[in-house]
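Comments concern the structure below.
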Amino acid sequence: MDDRVCNITFGDKKSQYVRGTTFLDIAQEYKSQYQDDIVLAVFNNKLRELNRTVETDGLLSFLTTADTKGRKAYRRSMVMMLEKAIFNLYGTKIKLRVMHTLGQGQYCELEGSIPVSSDLLDEISAEMRRLCEADIKIHKHTIHTDLAIAKFNGYGMEDKAKLFRFRRSSHVNLYDMDGFQDYFYGYMVPSTGYLKYFELMEYEDGFVMVFPNEDTKKVSEFHTSNKLYHTLMEAAAWAQQMHINTIGELNEQIVKGRVQDIILLQEAEMEKRISKIAEQIAKEKNKKFIMIAGPSSSGKTTFSHRMSIQLQAHGLMPHPIGMDNFYVDREKTPLDENGQYDFECLEAIDLELFDTTMEKLLAGEEVELPHFNFKNGKREYKGEFLQLGTDDVLVIEGIHGLNNRLLSTLPKETKFKIYISALTQINIDEHNPIPTTDGRLIRRIVRDAFMRGTSAEHTIEMWQSVRRGEEKNIFPFQEQADVMFNSALIYELPVLKMYAEPLLFAIGPDSPQHMQAKRLLKFLDYFLQVPSEEVGRNSILREFIGGSCFHV
């Protein structure tokens, strides 16, 4: 047996390669089988960059820019090429700060002596395209953490230096692009030659770098998200006021013993925003239908309870209505493309019954409200009657609350729409934003395990299906909301860490969900842990860790 040879299985094909062959070399043999560019390898159920080499026997597959992990690697690498282009052109006169994801774009701002302009972005774009054509290899280097801290302090990247101060690992992986070095949370493509498709566009106080989406070789059309942008920037401004813009700064505050102050200040700030919305509703005397919608694990239930309390404090009488109670009987539920019940489509709701019921309530009639029995899949009536008085309002929670097809026959002035989502207000560092979906996924993993007896493995397995439902039924309507509410708590990930880590460690290396679990564990490792005892019983976080004073 030749120990210089590795036996590699790709699908049904078995091949032998000399030890030290790169995954990139192997990918060249199979690229004709893929419509999109191969950017990552999966070897023995572990994610690998293409510049890595084969050293053992194993099972191999590839990920392209059409896959979620491949798409993220492409966008991450594009940020580094953007950094490199700015450095080549302007040196230290400009500092890039990568802020938020907006649609299929990454919102960025520039700090320094040169303002953003179309001419500036044209110059940067031209340099990025030159770097792409040069096909510069992206190298990964491992250095000691102390050296990384010194290096980034020297670069003026204090956010990274603070982040590494709290790393338990003694070594850090850095990426190098023609001498320019930076740290990134996640894997990269092999070289700049892969980074062909992008566009830089002026937007608000900065610019957006727009990427491809489903068509991986064409830049997506950028749809402005003004309400989302301003909600994100409002959260970032509050984080700035708290001097907690990054994980490193949050960890510094934890070390200083300021956890209780941070929790109290965050909850007070959130209650202030809820009260402000309730006051706005109360001033508009004709509002009768308060529609609350948002993606999974946004804290909609706790928010609706807290909103109801504030509405009462402003002289109104709220009545909660669960849109789920208006489901059609299960056998009438539409099927998705896989032949499974699609409970998240609008047609899963009995729209005629829902609209008729609300019309009668608005007309002052007494109606009997339905209850959906999830065990037998049938709608039932239990003698619950409701009639609206002058100060009565309905607080309606459901994923379709922003869709104009819902309550389409009612006067627009009677409806008040609230979009709620957990939009993380801090970043890993100046070039690595925290995906808001990660915060929601960690919330859901913890809640599903402790409240619903569902394993983290199953929650992660279902997450892509959940995300597809959100993309179809929620996100397209978010800009139609009267108000956007950010339910993210600046302190929540250090609290969730204690609950989430054991659940993620339980996912074994043979599981298809192992890669995602490992990635989330690495992410949580950035945070110092915070005990949950200081979290108030009315906090949105209690919806996920338990101990809420509300029925959630």
Side-chain angles (χ1 to χ4, degrees), residues 24 37 39 49-51 65 70-141 151-152 154-157 159-160 174-213 216-222 427 429-433:
L24 181 59
D37 293 338
V39 288
E49 289 171 319
L50 294 182
N51 287 328
T65 48
R71 185 182 297 119
K72 288 181 177 179
Y74 180 91
R75 297 181 177 190
R76 195 179 296 121
S77 306
M78 189 66 76
V79 169
M80 186 172 192
M81 191 168 75
L82 171 63
E83 279 189 82
K84 170 66 172 168
I86 291 172
F87 180 79
N88 284 356
L89 291 170
Y90 312 107
T92 58
K93 292 180 181 178
I94 295 178
K95 184 177 180 180
L96 174 70
R97 182 165 290 275
V98 181
M99 306 283 284
H100 314 295
T101 299
L102 293 176
Q104 300 307 321
Q106 191 74 55
Y107 175 73
C108 306
E109 291 186 349
L110 298 177
E111 300 172 0
S113 58
I114 305 176
V116 173
S117 67
S118 58
D119 289 342
L120 180 84
L121 295 181
D122 287 344
E123 288 180 1
I124 296 172
S125 293
E127 178 63 9
M128 290 174 71
R129 299 197 189 283
R130 187 192 70 77
L131 292 171
C132 175
E133 290 174 7
D135 196 21
I136 301 166
K137 189 172 181 179
I138 302 175
H139 298 275
K140 181 189 283 187
H141 300 290
K151 185 183 288 287
F152 284 113
Y155 290 163
M157 297 180 183
D159 290 351
K160 286 183 171 63
L174 300 186
Y175 288 95
D176 184 292
M177 182 186 291
D178 191 27
F180 182 85
Q181 294 184 331
D182 202 353
Y183 171 80
F184 284 92
Y185 165 59
Y187 294 111
M188 308 284 271
V189 303
S191 66
T192 57
Y194 285 73
L195 308 175
K196 302 183 181 81
Y197 313 107
F198 68 92
E199 185 178 351
L200 304 185
M201 299 174 53
E202 284 187 85
Y203 185 75
E204 295 287 346
D205 295 326
F207 66 96
V208 175
M209 181 161 58
V210 189
F211 307 106
N213 189 24
T216 66
K217 298 181 180 180
K218 180 182 178 182
V219 176
S220 296
E221 184 178 348
F222 178 66
N427 289 337
D429 57 45
E430 57 264 79
H431 302 138
N432 288 276

Grab the two heavy atoms, one from [X] and one from [Y], that are nearest each other, plus how far apart they are.
| X | Y | result |
| --- | --- | --- |
| Leu50 | Tyr194 | CD1-OH, 4.0 Å |
| Leu82 | Met128 | CD1-SD, 3.8 Å |
| Glu109 | Asp205 | OE2-CB, 3.9 Å |
| Pro212 | Ser220 | C-OG, 3.5 Å |

State the [atom1]-[atom2] distance between [X] and [Y], to the nearest 0.5 angstrom.
| X | Y | atom1 | atom2 | result |
| --- | --- | --- | --- | --- |
| Arg129 | Lys196 | CZ | NZ | 12.0 Å |
| Gln181 | Met157 | CD | CE | 10.0 Å |
| Glu83 | Met78 | CD | CE | 13.5 Å |
| Ile94 | Ile114 | CD1 | CD1 | 4.0 Å |
| Lys84 | Ile86 | NZ | CD1 | 12.5 Å |
| Leu174 | Lys151 | CG | NZ | 7.0 Å |

| task | Report the C-alpha distance between Phe198 and Ser125 in whole Å, list the side-chain angles of each, state the deciding distance to 0.1 Å, and finish with yes or no for side-chain contact (heavy atoms from CB on, under 4.5 Å). | result | CA-CA 9 Å; Phe198 68 92; Ser125 293; 4.2 Å; yes
Can you list the residues that meet the salt bridge (charged side-chain N to carboxylate O under 4.0 Å, His left out) rule with [X], with sequence neighbours excluded?
| X | value |
| --- | --- |
| Lys137 | none |
| Lys72 | none |
| Lys93 | none |

| said: Test of understanding: with side-chain contact (heavy atoms from CB on, under 4.5 Å), list the residues that count as partners of Glu111, not counting sequence neighbours. | reply: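 Residues passing side-chain contact (heavy atoms from CB on, under 4.5 Å) with Glu111: Lys95, Arg97.
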| request: Only counting residues at least two apart or in another chain, list the ones meeting side-chain contact (heavy atoms from CB on, under 4.5 Å) with Glu127. | output: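 Ala85, Asn88, Leu89, Arg130, Leu131.
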Go through the structure and list residues passing ring pair (Phe, Tyr, Trp, His ring centres under 6.0 Å) with [X], not counting sequence neighbours.
| X | value |
| --- | --- |
| Phe222 | Tyr203 |
| Phe180 | Phe87 |
| Phe207 | none |

| query | Restricting to pairs with a member in residues 114-134, which pass ring pair (Phe, Tyr, Trp, His ring centres under 6.0 Å), not counting sequence neighbours? | reply |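 Listed by first then second residue: nothing to list.
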| For residues 105-124, which residue pairs qualify under ring pair (Phe, Tyr, Trp, His ring centres under 6.0 Å), counting only residues two or more places apart or in two chains? |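 Non-adjacent pairs meeting ring pair (Phe, Tyr, Trp, His ring centres under 6.0 Å): Tyr107-Tyr229.
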| Do Thr65 side-chain atoms and Gly70 backbone N/O form a donor-acceptor pair below 3.5 Å? |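 Side chain of Thr65 to backbone of Gly70, a donor-acceptor pair under 3.5 Å: no, none is there.
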| query | Is there a donor-acceptor contact under 3.5 Å from the side chain of Asp176 to the main chain of Gly179? | reply |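 Present.
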| task | Dump the intermediate steps for side-chain contact (heavy atoms from CB on, under 4.5 Å) on Met177 and Asp182, then the final yes or no. | result | CA-CA 9 Å; Met177 182 186 291; Asp182 202 353; over 6 Å; no
| query | For Asn427 and Val98, what are the C-alpha separation, side-chain angles and deciding distance, and is it a side-chain contact (heavy atoms from CB on, under 4.5 Å)? | reply | CA-CA 9 Å; Asn427 289 337; Val98 181; over 6 Å; no
Distance-only donor-acceptor pairs under 3.5 Å for side chains of residues 115-122, two or more places apart:
unit_1 : atom_1 : unit_2 : atom_2 : d
Ser117 : OG     : Leu120 : N      : 3.1

| message | Please verify the inter-ring angle class for Phe152 with Tyr155; under 30° counts as parallel, over 60° as perpendicular, anything in between as tilted. | response | perpendicular
Less than 3.5 Å apart, which donor and acceptor atoms pair up between the side chains of residues 183-191 and the rest of the protein, not counting sequence neighbours?
unit_1 : atom_1 : unit_2 : atom_2 : d
Tyr183 : OH     : Tyr526 : OH     : 2.3
Tyr185 : OH     : Arg519 : NH1    : 3.0
Ser191 : OG     : Asp135 : OD1    : 2.5

| task | Carefully, step by step, assess Gln106 and Arg76 under the rule side-chain hydrogen bond (donor to acceptor under 3.5 Å, both in side chains). | result | CA-CA 10 Å; Gln106 191 74 55; Arg76 195 179 296 121; over 6 Å; no
